[in-house]
Amino acid sequence: METLSTPLVSLPIQANPEAPTIKNNNRNRLVLSLIDRCISLKQLKQVHAHMLRTGLFFDAYSASKLFTASTLSPFSSLEYARKVFDEIPEPNLYTWNTLIRAYSWSLEPGESVKIFLRMLCESPYFPNKFTFPFIIKAATKLSRLGVGQVFHGLVVKSSFGDDVFILNSLIHFYASCGNLDFAYRVFVRIAVKDVVSWNSMISGFVQGGCFDKALELFREMEAENFKPNAVTMVGVLSACTKMKDLEFGRWIRSYIEQNGIKMDLTLSNAMLDMYVKCGSVEDAKILFDKMEEKDIVSWTTMIDGYAKLGEYDVAKSFLDAVPRQETATWNALISAYDQNGKPQEALAIFRQLQLSKNANPDELTFVSTLSSCAQLGAMDVGEWIHENIKKQRMKLNCHLTTSLIDMYSKCGNLEKALDVFHSVERRDVFVWSSMIAGLAMHGRGRAAIDLFYRMHEAKVKPNAVTFTNVLCACSHSGLVEEGRMFFNQMEPVYGVVPGVKHYACMVDILGRTGLLEEAVEFIEKMPITPSGSVWGALLGACKIHENVELAEQACSQLLELEPENDGALVLLSNIYAKTGKWDNVSELRKRMRVSGLQKERGWSSMEVNGTLHKFLAADNSHPLSKEIYSKLDEIVAKLKSSGHVTNKSLLLQLIDEEDMKEQALNLHSEKLAIAFGLISTSPSQPIRIVKNLRVCGDCHTVAKLISKLYNREILLRDRYRFHHFSGGNCSCMDYW
DNA sequence: CTAGGGTTAG
């Protein structure tokens, strides 16, 4: 092949009138044909330079050909394309369109719109039928309803109102902005619909969650004798997937066969996904084995399918078998572990990914692994991931920001969470909400509320999650009035209909302060059926305020909804113990023993230099067990001499945090962890502990005293919130 | 020489 490094013969800039025209000139044709054969930006630039030298670049057709190549070739950059464009003296309409298209595909679709406006101002051209699909695509990517509507108006005014290509892009635009109504209006007004019109509308309905409407349209399409194609079937299948209707999915399979629709790769993948999501990995496996062509999506779908079933070995074997391991396949396994409560396994896979040479972690990997760190309270690992993100110069999008804030908050480092929050430019509703949640779990209710107002000032609309977090903040800080106010304002002021979680929060807020009657009234007035969590909140309040009668009612309501909820009976028996009703306690215990009810075992964990140490109650499996217990003895002695008396009534309770047989309060897992923390970390470091259940009263008191006696900050995360112990006090102000 | 619709992971 010709190489471009050998200089081509230069041409005179102005050909004389008798000479062949630029286009017909053989040498010029050769130069233009070289454009398509460039395999690197360097080569393209050489052709560009040559064309400038010979003057060929100043021929509109030739320049646009070079320009098109610069926008389309995989090695090129938009930056370069833009420079080429700016050199073209008088770009023609084709060239303008090409630039608009290039940006509509890019990460900055907004540029498309800007260039379109520039074209209107600077060029003598009007948009043609090709221009509109490009700018509508840009509006779609921007998800800006208003922008698209302006274009729609222009379409009508420029009398392109019956161009099916343009109208189809408008259907897609309106549907992806969530405005199915407008999309449908465009659809019905198309005089001569083609298959793309139907497909756009069907998949629009599916994406908008209107599965029935999508299927109805599919039937209508059939009734009008329109032949569906593979894309139609992908839409119908994805509706079926969302409805989890395996029978219907199987019907679609036979429909496809009967109608001779070709199962292309995407359709096969959609079918795989349908089988997996509708609960038949078996069918998926059969199809997968039959597929001649497979891509990353096929493999990922299978990995995800097995991992979600808990068949991690099979999932792992699929991961190992992927011909070209890409990040997405790893992510499928990592996120499956993370979401199924196996954060340590997720991090183990992450470590393997880092060692593998075939793939690099991406944004999604980080989101999943940060969530695992948050679950575990593994801050060293989390920080290390944060460093990795920085090293890769990865830009923090809102998703990643949210994950980082969540990780730092749940690992007890609220300051770092705030640092991340303040450092980013873009904050969507999830970023704000996660920061509010972080402040809430650390007992900084006022700050959480302040942040809510700042979010409002920033014109970010709160959603249901935001309100759950705000109400949580009120609950953790005992802000009854504020809680009531937010709850009452939710719907009328912010347009968020209270869900069952919000009701549960309110019951918690009222109940905790002792407003038990009001809480009961509140439950009775609920317009939706109270869930277990609502009764659970009431039961918890009954424990604090020692209301046996109400506790019994709440407990039976709770067990009716959630018969397997062991915590309810444990809580009730503790209320009996606290109020001295020992007969009831033993009766309950018997009942629990008979039904084989076992409570979750309590554990506490602590991370030291990236390694997680986990303790059960009375645990002596740790290598440093001896040292830990002698430290514990020292602590007990110190506490005694400082006047601390173990609350005997607590000893007799069936402590909900620990196993029945291990009632010895001094052997609670959090105490072991604290003792371990004292001997394994430097005095300047806070001791960070994560506990799976709620901290018990005695441990809470002891932790406060230790923080004073040893002058140590202790950060304990329990099931509900954080406790910052320092100088003999706790951030929860004993309100938890 | 340019155009519209589709599958996975949070």
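The existence of a salt bridge linking A:Arg250 and A:Glu247 is confirmed by a sub-4.0 Å separation between a basic side-chain nitrogen and an acidic carboxylate oxygen. For the pair A:Glu222 and A:Arg219, the salt-bridge criterion is not met [side-chain N within less than 4.0 Å of a carboxylate O].
In this structure, A:Asp194 reaches the bases: a heavy-atom distance under 4.0 Å links it to at least one base atom across the strands shown. Residue A:Ala328 is classed as a base contact, given a heavy-atom separation below 4.0 Å to a base. A:Asn97 comes within contact range of at least one nucleobase, with a heavy-atom separation under 4.0 Å. A:Thr300 comes within 4.0 angstrom of a nucleotide base, judged by non-hydrogen atoms across all strands. Contact annotation for A:Ala336: no contact, since no heavy-atom pair falls under 4.0 Å across all strands. Within 4.0 Å of A:Gln207, counting heavy atoms only, lie sugar-phosphate atoms of the nucleic acid but no base atom. When heavy atoms are screened at a 4.0 angstrom cut-off, A:Asp295 is found touching no nucleic acid atom at all. Within 4.0 Å (heavy atoms only), A:Ile136 reaches no atom of the nucleic acid at all. When heavy atoms are screened at a 4.0 angstrom cut-off, A:Thr266 is found touching base atoms of the nucleic acid.
Residue ring and nucleobase are not stacked for A:Phe130 and B:dA3 under a centre distance beneath 5.5 angstrom and an angle between planes beneath 30°.
The nucleotide whose nearest atom lies closest to any side-chain atom of A:Leu364 is, among B:dG6, B:dA9, B:dA3, B:dA9. In this structure, of B:dT2, B:dG6, B:dA3, it is B:dA3 that holds the atom nearest to the side chain of A:Lys129. Comparing B:dG10, B:dG6, B:dT7 by their closest approach to the side chain of A:Glu363 singles out B:dG10. Checked against B:dT8, B:dC1, B:dG10, the side chain of A:His399 finds its nearest nucleotide in B:dG10. Across B:dC1, B:dA9, B:dT2, the shortest atom-to-atom separation from the side chain of A:Phe134 is found for B:dT2. Each of B:dA3, B:dT7, B:dA9 was ranked by its minimum atom distance to the side chain of A:Asp304; first place goes to B:dA9. Side-chain proximity of A:Tyr94 to B:dT2, B:dT8, B:dA3: nearest is B:dT2.
Using modelled atom types, one finds a donor on one side chain and an acceptor on the other under 3.5 Å when comparing A:Asp362 with A:Thr365.
Cation-pi geometry between A:Lys294 and A:Phe288 is met: under 6.0 angstrom from the ring centre, within 45 degrees of the axis.
Residues meeting the side chain to side chain donor-acceptor pair (under 3.5 Å) test with A:Lys410, sequence neighbours left out: A:Asp406.
Per the geometry, CE belonging to A:Met271 stands 12 Å off C1' belonging to B:dT7, to the nearest Å. Between the P atom of B:dT2 and the CZ atom of A:Phe165 lies a distance of 11 Å, rounded to the nearest Å. Here the C1' atom of nucleotide B:dG6 and the CH2 atom of A:Trp198 are 18 Å apart, to the nearest Å. With rounding to whole Å, A:Ile135 atom CD1 is found 12 Å from B:dA3 atom C1'. Across the protein-nucleic acid pair, A:Ile171 atom CD1 and B:dA3 atom C1' stand 14 Å apart, rounded to whole Å.
Ring geometry for A:Phe182 against A:Tyr174 counts as perpendicular: the plane angle is over 60°, on a 0 to 90° scale with 30° as the lower cut.
Contact check, A:Lys277 against B:dA9: a side-chain N or O comes under 4.0 Å of OP1 or OP2.
Residue side chain A:Asp264 reaches the base of B:dG6 through a donor-acceptor N/O pair under 3.5 Å, judged by distance alone.
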